[in-house]
J.: 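My questions all concern the structure below.
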Amino acid sequence: MSTSSASNFVQNIITEDINNGMTNIHTRFPPEPNGYLHIGHAKSICLNFGLAQTNHGICNLRFDDTNPIKEDTEYVDSIMEDVRWLGFTWSEPVHYASDYFGQFYQCALHLIKTGHAFVCDLDSEAMRQYRGTLTEPGKDSPYRNRSVEENLTLFEAMKNGEFADGAKVLRAKIDMASPNINLRDPVIYRISKTHHHRTGDQWCIYPMYDFAHPISDAIEGITHSVCTLEFEDHRPLYDWVIDHLQEAMHFPSRPKQIEFARLALTKTVTSKRKLKRLVDSGVVDGWDDPRMPTISGLRRRGYTPEAIRNFCELIGVSKSNSLVDFAMLEHCLREDLNQNAPRVMAVLHPLKVVITNYPENKIEHLEAEINPNKPEAGSRQIPFGREIYIEQEDFREEANKKFFRLKLGGEVRLKHAYIIRCDEVIKDETGNIIELHCTYDETTKSGSDNSGKKVKGTLHWVEATTALNAKVCLHDFLLLDDEGDGDFLDAVNPASQVVLQNCKVEPSLAKAQKGDRFQFLRNGYFCADSRYFSSENLVFNHTVSLKDSYKPE
Ligand code: ATP
Ligand code: MG
């Protein structure tokens, strides 16, 4: 699969524009730096950057930083890191809507001078009453017919900080009877004496999104402004803004807004505001907690950029909202890791096995393939000795014929090693199994077995004296259910993380680096934690299980 949006309705629009003579296709990804990016943003990133690639155009990264109360440079930095990590390159330099504050102001002056904007003193409650409803038209503001001169004087006074926050706004003069509420004289500037992370205290008026966004697009020469469906009703306002400024401002393009369905996933929060609540309330350990559906959380969990890009390609782009099964994202990840992740052995719930007929103090090194799907990855040496660990659940004292793992008196193969038989179960005084005594058959060594013996089960294991201790974090969904109408914090899964403190892993993992991904044989895919992992402190996150529950339709 490639990232080029081979065929979707947005591409079809662009193709038609190109056939009609349009050149220099120019898209943009315009995040507001008020939180970390999540999997939904990945869809928008893949789409916008993908369209630019497919059409030999360019894609801007623009921070939509017009609401200084919620914005922060920490978010700006994380967003740049995430876009790069996903594998995309924006057209330099990075753009900021705040770079255009001067131009937005000039645009507002132009609208005032041409009679298309006015300063309004109604407070927000009164404004709501004047606005009307979906079935009733609104009423004109009593300030609507102020003269151009008065509007210019008042707007300048707003800019100079002469009024309190909320005392006045600048509104576009469109149509209070419009069936589209967005056109009922929408607010385009508000007073907010707030420090901005880039422009400091220079401004105390800030433009509204619906005003700043089309102008930013037009200033940058964007040809196709792709956004999510909830902006469909705003498109007439988008067009109104451009149409009333285009000639005077000499914009390099006449951008076209195109809406697509946002991504929603089962049992997954995709709203920065809600994700911030999870962080602020301490439900998770930061924006990059491995359970978070943020790009940084998915990265820490062990997701690959390829898997996320393939997922975005697979779900496609449409005009109708739908809920995508999270299993589909996991499926894409599993396909990638199955192909590329090195295999190692790790025992999550260790049970000691003593091989009584194996020489004491002897360690031999066995050859083990790194990845059966990638012979060129070669092999590694794994130590084998008299004492090993297996998984507790791989042994039962008594079991029926369908249990192909180890039972008392039964035989199994140890992966890459020998066939062993369980002879004796050692228990503590309360009856808990603490150790197994087994014997091995020297003639059954993997690769040179000529014993003719057949066993049904193969277990993973780790040699005890050379094993390393590791901490393994298992993860489940943060939410127990899909997002409903109630407070989503009520649906938080209290057992979304389980930490296993005493796991045993093969010694080769001492060389792992932060972020490395592995298949722990039979246990799933795991990733060395990017925050806490070191060769003295082996911490792994469970990435995804081995078993695929995704069924293509
Ligand atoms: P949130 O609700 O999480 O705050 P947002 O839309 O306010 O999301 P922005 O920073 O404004 O976040 O989003 C940047 C771009 O990403 C926008 O073009 C937006 O349409 C797109 N986007 C956001 N969420 C999704 C999603 N779930 N699926 C697809 N695109 C999305
Ligand atoms: Mg937004």
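Order of listing sets the numbers, starting from 1, for every ligand and every atom in it. Keep in mind the model is a prediction, meaning the values are calculated, not measured.
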J.: As a test of understanding, state which of Lys256, Arg254, Arg62 forms a salt bridge (charged side-chain N to carboxylate O under 4.0 Å, His left out) with Asp217.
T.: Arg62

J.: Classify the contact between Pro30 and ligand 1 as side chain, backbone, both or neither, using a heavy-atom distance cut-off of under 4.0 Å.
T.: both

J.: Under 6.0 Å from the ring centre and within 45 degrees of the ring axis: does the NZ or CZ of Lys267 meet both conditions for the six-membered ring of Phe326?
T.: no

J.: Could you check which of Asn321, Thr228, Thr270 puts a non-hydrogen atom nearest to atom 20 (O) of ligand 1?
T.: Thr228

J.: Can a side-chain donor-acceptor contact be found between Arg299 and Thr294 if the only test is distance below 3.5 angstrom?
T.: no

J.: Pick, from Val269, Leu263, Val226, the option with the minimum heavy-atom distance to atom 28 (N) of ligand 1.
T.: Leu263

J.: Short list, please: which atoms of ligand 1 are under 4.0 Å from a heavy atom of Phe260?
T.: 29 (C), 30 (N)

J.: So which heavy atom on Gln11 is nearest to which on Thr54, and how close?
T.: OE1-CG2, 3.8 Å

J.: Is there a donor-acceptor contact under 3.5 Å from the side chain of Asn373 to the main chain of Asn338?
T.: yes

J.: Which heavy-atom pair separates Val119 from Arg146 by the least distance, and what is that distance?
T.: O-NH1, 2.8 Å

J.: Counting from 1, what ligand 1 atoms have a heavy atom of Ser271 closer than 4.0 Å?
T.: 3 (O)

J.: Please step through ring-ring contact (aromatic ring centres under 6.0 Å, His included) for the pair Phe9 and Phe260, ending with a clear verdict.
T.: CA-CA 9 Å; Phe9 80 93; Phe260 70 100; 8.0 Å; no

J.: Heavy-atom distance to atom 2 (O) of ligand 1: which of Arg262, Arg62, His41 wins?
T.: Arg262

J.: For ligand 1, which atoms, with element, lie under 4.0 Å from some heavy atom of Phe29?
T.: 14 (C), 15 (C), 16 (O)

J.: Is ligand 1 less than 4.0 angstrom away from at least one heavy atom of Phe231?
T.: no

J.: Going by the order shown, which atoms of ligand 1 are within less than 4.0 Å of some heavy atom of Pro31?
T.: 10 (O), 14 (C)

J.: Examine Lys272 against ligand 1 and note whether any of their N/O atoms are separated by less than 3.5 Å.
T.: yes

J.: Could you check whether His213 and Tyr209 have their ring centres less than 6.0 Å apart?
T.: yes

J.: Do ligand 1 and Arg273 have nitrogen or oxygen atoms that lie under 3.5 Å from each other?
T.: no

J.: Going by heavy atoms, is Lys274 under 4.0 Å from ligand 1?
T.: no

J.: Under 3.5 Å between any N/O of Glu230 and any N/O of ligand 1: does that happen in this structure?
T.: no

J.: If you measure every N/O of Gly40 against every N/O of ligand 1, is any gap under 3.5 Å?
T.: yes

J.: Name all residues meeting the salt bridge (Lys or Arg N to Asp or Glu O under 4.0 Å) criterion together with Glu230; count only those two or more places apart in sequence or in a different chain, and write none if there are none.
T.: Arg262

